[in-house]
Structures are given as structure tokens and as C-alpha cells.
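Residue numbers start from 1 in every chain, and the chains themselves are labelled A, B, ... in the order their sequence lines are given, proteins ahead of strands.
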Amino acid sequence: MPEGHLVHRTAREQAADLAGCRVHVSSPQGRLDTEALDGRVLSEVSAHGKHLLHRFEHGRTVHVHLGMRGLWLRYPDPAPPPRKGVRLRLAGRATYDLIAPTTCEVLTDRGVRELSGRLGPDPLRADSSAGEAVARLRASAAPVGAALLDQSVWSGVGNAWRAELLWLARLDPRTPAAELSEADVHRLWELARDFMTMGRDAGQVVSDAAAGDERWVYKRERCRSCGAPIRVEQLGGRTSYACPVEQR
DNA sequence: GTGGCATGGACAT
DNA sequence: TGTCCCTGCCACA
């Protein structure tokens, strides 16, 4: 569920409910020490790739990565008691409960910088450089379909976006990233920026502005465009979907 | 009701 | 490569 577009959407939602508030921070499950955070003013909620960052005014930041199974639950006030296993509860103008994240930790500003340093440009961040994004992808030794999932190359793209973006760009996922032209990669970056922005606003992967619920190739048996049987294979450790006719 | 898979990623091995 | 993360969804009994 949580590719970068949804993490950015969550950041926007939580900022509206929590930013500028003194937030009651607790860990009902007990696995996070929240003493340094409870009652502090939350200044900003932001996203970098699939990582969510809650920065507090005194210079501490909660870093959350949902992984495959994690989720946020939102409750308008008054919130019910937390269900079993809630790792983190943030209570401001509304209450958010965090369930089953891969990562939930408190970082200093230095820790945040180190995290950002490990992540490539994010198509949904205004401070990302297209030139750097193009250069990083073309510097990868991997097939473009594997490079796109490497969060140190570009951050925020997951398996569904990989499939749909490469179809939109008419690129074969198996093509070595280093063999792609600068123009091709620049176009791929612009597609990522434009469609992931639509996806963030719609709350789902959007690869056809006129048909937000449809996919071209991802998890399909046949290409939605030409009807060819989709080529399914493992690439970059995950299942890749591509149209063998249109993506050469 | 149950079991397998998955829109991640870190870590052990 | 396997395994964990207090999951959700779907197909199939």
C-alpha cells in the first residue's frame, strides 16, 4: 500500500491535524521511548520517498517507515483507546495510531540528514533536482526496472509505480539504465513527477488521468493498451510487469 | 476460517 | 536467501 505518493499524502493530512500543536505522544505498545517528545510542539510533517518525518520544535524528529504491512489509523476526537499493538499514538487536533511499521524511531537533526543522504531525489519533493535524478539513474549498473526500486537512486517509487511509469515511458524494464539516453531518463523523471503528483492527490496510483482506477500493465494479464499478454518476471527482487510489444 | 501473497526494507545468515 | 514487522486482502475450503 504505501508507496511514496501515499506517504506524501499522509504527511499533508497529518500536518493539517498536528502541526503547530502540542502533541501528546505515547507508545501504548511500549516499544518507543516517547518521553522526550510528549507535550512538545510538532512543527512540521514531511516525506522523503517512503519515509515520514515528524519534526518537533526542540530538534527531535520521529522517523516512520511503514514497510509493507504498516498503517496509520486516524480518529477524530475523542479517540477510542488504542487497539492492541499500537506502536505510536500522536494526539493533536485529531489522533493517529501507528500499527506494524518497519521503522519508528526518534532522530536528531544529524540523523535526519544521514537518512536524507541515503535517499535519492524524490519526484514529489520540490527540492529535488531533475539533473541529479537523471544522472543518478544513468549511473546505475542495474536494469532500469531494478534501478527504479533502489531508493538511493530515486526515492518513493515502488513496484506499482515502476510498472506503470516504465509503460508510460515505453521502456523495457530489462534495459540497462546506463544505456538509456539522457532524454529518455528525463522524460521518465517528468512522468514520475506528474503522475505521482496526481496519485498523491487521488490517494492511489494514477497512470491514466482519464481512468484513475485502471492500470496499463501492473498485475494485469494483458496490456490495457494493446491486449498483448503481460510479461511477468522477477526484477530487482520483486515481480515486474511489462508489455512485451510496447516496451522495447 | 485459513493460508498465501504483497504497493518494503533491514538484518542475519 | 530467509525472516521479521501485533496487516490486509483475496481465493479457497
Side-chain angles (χ1 to χ4, degrees), chain A residues 1-11 26-32 34 47-53 62-75 80-89 96-107 111-112 114-120 122-124 140 142 145-168 173 191-192 195-208 212-221 224 230 232-242:
Chain A
M1 193 167 171
E3 293 190 35
H5 65 301
L6 293 179
V7 181
H8 279 267
R9 183 181 177 86
T10 297
S26 58
S27 178
Q29 179 197 48
R31 281 183 55 177
L32 182 71
T34 57
H48 193 148
K50 301 166 188 170
H51 301 256
L52 188 64
L53 299 166
V62 176
H63 166 219
V64 170
H65 194 297
L66 293 178
M68 196 100 77
R69 298 158 40 169
L71 69 153
W72 287 101
L73 302 175
R74 179 187 184 277
Y75 302 104
R83 68 189 234 188
K84 196 180 171 196
V86 170
R87 182 81 62 91
L88 174 69
R89 170 169 275 203
Y96 288 88
D97 283 353
L98 173 64
I99 317 286
T102 291
T103 302
C104 174
E105 62 183 353
V106 180
L107 297 179
V112 173
E114 287 172 355
L115 170 67
S116 295
R118 295 197 299 271
L119 297 171
D122 175 348
L124 289 177
S140 171
L148 273 186
L149 293 182
D150 181 341
Q151 301 299 297
S152 70
V153 176
W154 292 3
S155 60
V157 175
N159 202 23
W161 283 114
R162 161 175 81 167
E164 295 297 284
L165 291 171
L166 288 173
W167 183 87
L168 288 166
L191 288 165
F195 280 88
M196 289 176 73
T197 296
M198 282 190 271
R200 177 197 63 199
D201 295 341
Q204 62 180 352
V205 172
V206 173
S207 51
D208 179 350
D213 291 332
E214 297 286 347
R215 312 282 174 267
W216 295 109
V217 295
Y218 177 67
K219 284 191 176 175
R220 289 183 61 95
E221 285 190 9
R224 180 170 160 249
I230 295 301
V232 179
E233 63 194 322
Q234 291 301 117
L235 188 59
R238 308 193 84 76
T239 306
S240 163
Y241 306 83

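- For the salt bridge (Lys or Arg N to Asp or Glu O under 4.0 Å) test, residues two or more places apart in sequence or in another chain that qualify with Glu233(A) are Arg231(A).
- Under the rule for a salt bridge (Lys or Arg N to Asp or Glu O under 4.0 Å), the partners of Arg74(A) that lie at least two apart in sequence or sit in another chain are Asp17(A).
- Tested against Arg224(A), the residues Ile230(A), Val217(A), Asp208(A) include a single side-chain contact (heavy atoms from CB on, under 4.5 Å) partner, Asp208(A).
- The side chain to side chain donor-acceptor pair (under 3.5 Å) check on Trp154(A) picks up nothing, with sequence neighbours excluded.
- dA10(B) and dG8(C) have their P atoms separated by 23 Å, with the value rounded to a whole Å.
- The nearest whole Å value for the distance from the CG atom in Asp150(A) to the P atom in dA10(B) is 10 Å.
- Taking side-chain N and O atoms only, Lys50(A) has no distance below 4.0 Å to OP1 or OP2 of dT7(B).
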Within the sub-3.5 Å range, which N or O atoms of nucleotides 1-5 of chain C have a protein N or O partner, and how far apart are they?
{"from": "dC5(C)", "atom 1": "O2", "to": "Thr102(A)", "atom 2": "OG1", "distance (Å)": "3.3"}

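- Of the P atoms belonging to dG1(B) and dC6(C), the separation is 24 Å, rounded to the nearest Å.
- Arg9(A) pairs by the salt bridge (Lys or Arg N to Asp or Glu O under 4.0 Å) definition with Glu13(A), not counting sequence neighbours.
- For the C1' atoms, the distance from dT1(C) to dT7(B) is 22 Å, rounded to whole Å.
- Straight-line distance between the P atoms of dA6(B) and dG2(C): roughly 15 Å, to the nearest whole Å.
- Among dT7(C), dT7(B), dC6(C), the nucleotide with an atom closest to any side-chain atom of Arg83(A) is dT7(C).
- Not counting sequence neighbours, Arg83(A) has no partner by the salt bridge (Lys or Arg N to Asp or Glu O under 4.0 Å) test.
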